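In what follows, a single structure is set out as structure tokens and then discussed.
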Amino acid sequence: MPNDVMAAKAAPAAQADATRTLSYAEAIREGLAQAMEADPRVFLFGEDVGVYGGAFGVSGDLYHRFGAERVIDTPISELGLAGAAVGAALTGMRPVLEIQFSDFATLAMEQLVNQAAKIRFMFGGKASVPMVVRLPGGSGTGAAAQHSQSLEAWFAHVPGLKVVQPSTPHDAKGLLLAAIDDPNPVLIFEHKLLYKTKGPVPADAYRVPIGKAIVRRQGRDVTIVAASVMALRALAAAEALAADGIDAEVVDLRSLRPIDTETIVASVEKTRRLVVVYEGVKTMGIGAEIAARIAERDVVRRLAAPVVRLGGADSPIPYNPVLEKAAVPQEATIVAAVRTLMQGDRR
């Protein structure tokens, strides 16, 4: 199923204006513009976000609309940029930093992990760091091992950081606006394959709550939990499984920290089976955390089969397109895993 079709299917109909469609990139740009129009403290900065319009075209014409003082092209220095975001946030601004590829957040770890995440705690709540970091990530573009990683689980491990992964244009805009409002540092991982996907997006400046998952598809036989592009692949897999008479429920996490355990547990209570799908490396990934949370709840006693984790291979992302695709879960991978799970039912 094409990504734009999946994105449209994934958008919550009750919240979206079906007469108005935007791409994922356009939705983010609109959210940025609305935040900047509403609050002079909000500004965007990063590498090539100005005249060039962003490495992935997200910032577009914002430079021409808001000027060089609020859409700022910067040198290539991720550590320095993250430090500038922390400083700006501490002095009352609302910075939105775009790191050109999420892989390069590794160069900013000191400021993100040791400063942004800890200052509010260390100052007893008397200081806060209301900054947003936008991080284009994920594989599928042939960008090879240093530009294709999914590192969101690293940051979800750090107390003091919030981590979100929108899968639809609707959520990309709503989570961005919620992140800008938040008094804490929020990292938004935007999958590069999603920028051109399309879906309904309301024109108003709405918010999607951070820390609240959504059930994208109701089902009775198995729960598939995913986020970002994997949520869309899970939806496509669920449609394929329906042809086999397997009714899959799809839970889109939207937020990794805080994570909505209750929505996951409620779904698994109903289906008694769980498959967790994520692009990051399987070992120590978000799937392990979700499986552990299920293991710690009474629902584990009622599972009809063991929890299945579908994560990325324990390998750098290959450049070769066939190997790149094989390194992370695809729609067919999810379908096969669910079929195997149902066949091995221990009920």
Side-chain angles (χ1 to χ4, degrees), residues 24 28 31 46 78 81-82 85-86 89 94-99 101-121 128-139 149-168 171-192 194 207-214 225-231 251-264 276-282 284-293 311-312:
Y24 191 98
I28 295 169
E78 285 76 15
L81 299 181
V86 173
R94 295 273 174 166
V96 179
L97 168 62
E98 178 182 314
I99 291 180
F101 286 81
S102 64
D103 312 68
F104 304 153
T106 57
L107 298 166
M109 291 294 278
E110 200 284 329
Q111 288 295 322
L112 295 175
V113 173
N114 287 335
Q115 304 302 329
K118 295 178 173 59
I119 285 174
R120 188 173 187 180
F121 173 81
S128 62
V129 188
M131 59 182 274
V132 175
V133 185
R134 294 181 39 246
L135 297 153
S139 66
Q149 298 172 87
S150 298
L151 301 178
E152 53 277 355
W154 285 23
F155 296 97
H157 181 72
V158 180
L161 296 179
K162 295 186 177 182
V163 179
V164 300
Q165 280 191 296
S167 66
T168 67
D171 285 0
K173 177 182 172 180
L175 283 169
L176 171 64
L177 288 171
I180 292 172
D181 290 346
D182 202 290
N184 305 287
V186 182
L187 277 58
I188 304 177
F189 284 85
E190 303 164 1
H191 201 288
K192 298 190 291 287
L194 294 178
R207 271 71 176 166
V208 170
I210 294 173
K212 184 62 179 174
I214 186 170
V225 173
S228 188
V229 73
M230 291 301 165
V251 176
D252 184 347
L253 288 171
R254 302 199 289 197
S255 175
L256 301 187
R257 189 178 187 106
I259 194 166
D260 185 358
T261 305
E262 297 310 315
T263 294
I264 300 169
V276 189
V277 186
Y278 51 108
E279 185 166 342
V281 172
K282 179 179 178 179
M284 306 292 179
I286 193 66
E289 175 65 25
I290 293 172
R293 292 189 182 214

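Every value quoted in this text rests on a predicted model; they were computed, and no experiment measured them.
Each of Val133, Val163, Val86, Val129 was scored for a side-chain contact (heavy atoms from CB on, under 4.5 Å) with Pro185, with one residue passing: Val129.
With rounding to the nearest 0.5 Å, the separation of CG in Leu175 from CD1 in Ile28 is 10.0 Å. Here the straight-line distance linking atom CZ of Arg120 with atom CG of Asn184 works out to 4.5 Å at 0.5 Å rounding. Here OG1 of Thr261 is found 7.5 Å from CD of Glu289. Values are rounded to the nearest 0.5 Å. Expressed to the nearest 0.5 Å, how far CD1 of Ile259 lies from CD1 of Ile264 amounts to 4.5 Å. In this structure, Thr106 OG1 and Glu78 CD are separated by 8.0 Å, a value rounded to the nearest 0.5 Å. Interatomic distance, CE of Met284 versus NE2 of His157, reported as 10.0 Å (0.5 Å rounding).
Contact annotation: the side chain of Arg257 approaches that of Pro159 to within less than 4.5 Å [non-hydrogen atoms, C-beta and beyond]. By the 4.5 Å heavy-atom criterion applied to side chains, Leu253 and Ile290 are counted as neighbours. With contacts defined as side-chain heavy-atom distances shorter than 4.5 Å, the pair Val208/Lys173 does not qualify.
The two residues Leu112 and Met131 make their nearest non-hydrogen contact at CD2-CE, 4.0 Å. Residues Pro258 and Ile210 approach most closely at CD-CG2, 3.9 Å, considering heavy atoms. Nearest heavy atom pair, residue Ala213 against residue Arg254, reads O-NH2, 3.8 Å. Between Ala153 and Ile286, the shortest heavy-atom contact is CB-N, 4.3 Å. Here the shortest heavy-atom pairing between Leu151 and Ser102 reads CD1-O, 4.2 Å. The two atoms that bring Val158 and Ala117 nearest to each other are CG1-CB, 3.7 Å, heavy atoms only.
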- [ ] With side chain to side chain contact (heavy atoms under 4.5 Å, CB included) as the test, would you mind laying out the steps for Gln111 and Leu81 before giving the verdict?
- [x] CA-CA 9 Å; Gln111 288 295 322; Leu81 299 181; over 6 Å; no
- [ ] In sequence, state the C-alpha distance, the side-chain angles, and the governing distance for Leu187 and Leu135, and then conclude on side chain to side chain contact (heavy atoms under 4.5 Å, CB included).
- [x] CA-CA 7 Å; Leu187 277 58; Leu135 297 153; 3.9 Å; yes
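Listed by first and then second residue, the salt bridge (Lys or Arg N to Asp or Glu O under 4.0 Å) pairs that reach into residues 151-165 are Lys162-Asp182, sequence neighbours excluded.
Side chain of Asp103 to main chain of Gln149: a donor-acceptor pair is present (N/O by atom type, distance under 3.5 Å, no hydrogens or angles). Judged purely by atom type and a 3.5 angstrom limit, Glu279 uses its side chain to pair as donor or acceptor with the backbone of Ser139. A distance-only check finds no donor-acceptor pair linking the side chain of Lys192 to the backbone of Pro136 [under 3.5 Å]. Not a single donor-acceptor pair under 3.5 Å links the side chain of Tyr24 to the backbone N or O of Glu190.
When the side-chain contact (heavy atoms from CB on, under 4.5 Å) test is applied to Pro130, the partners found at least two apart in sequence or on another chain are Ala89, Arg94, Ser128.
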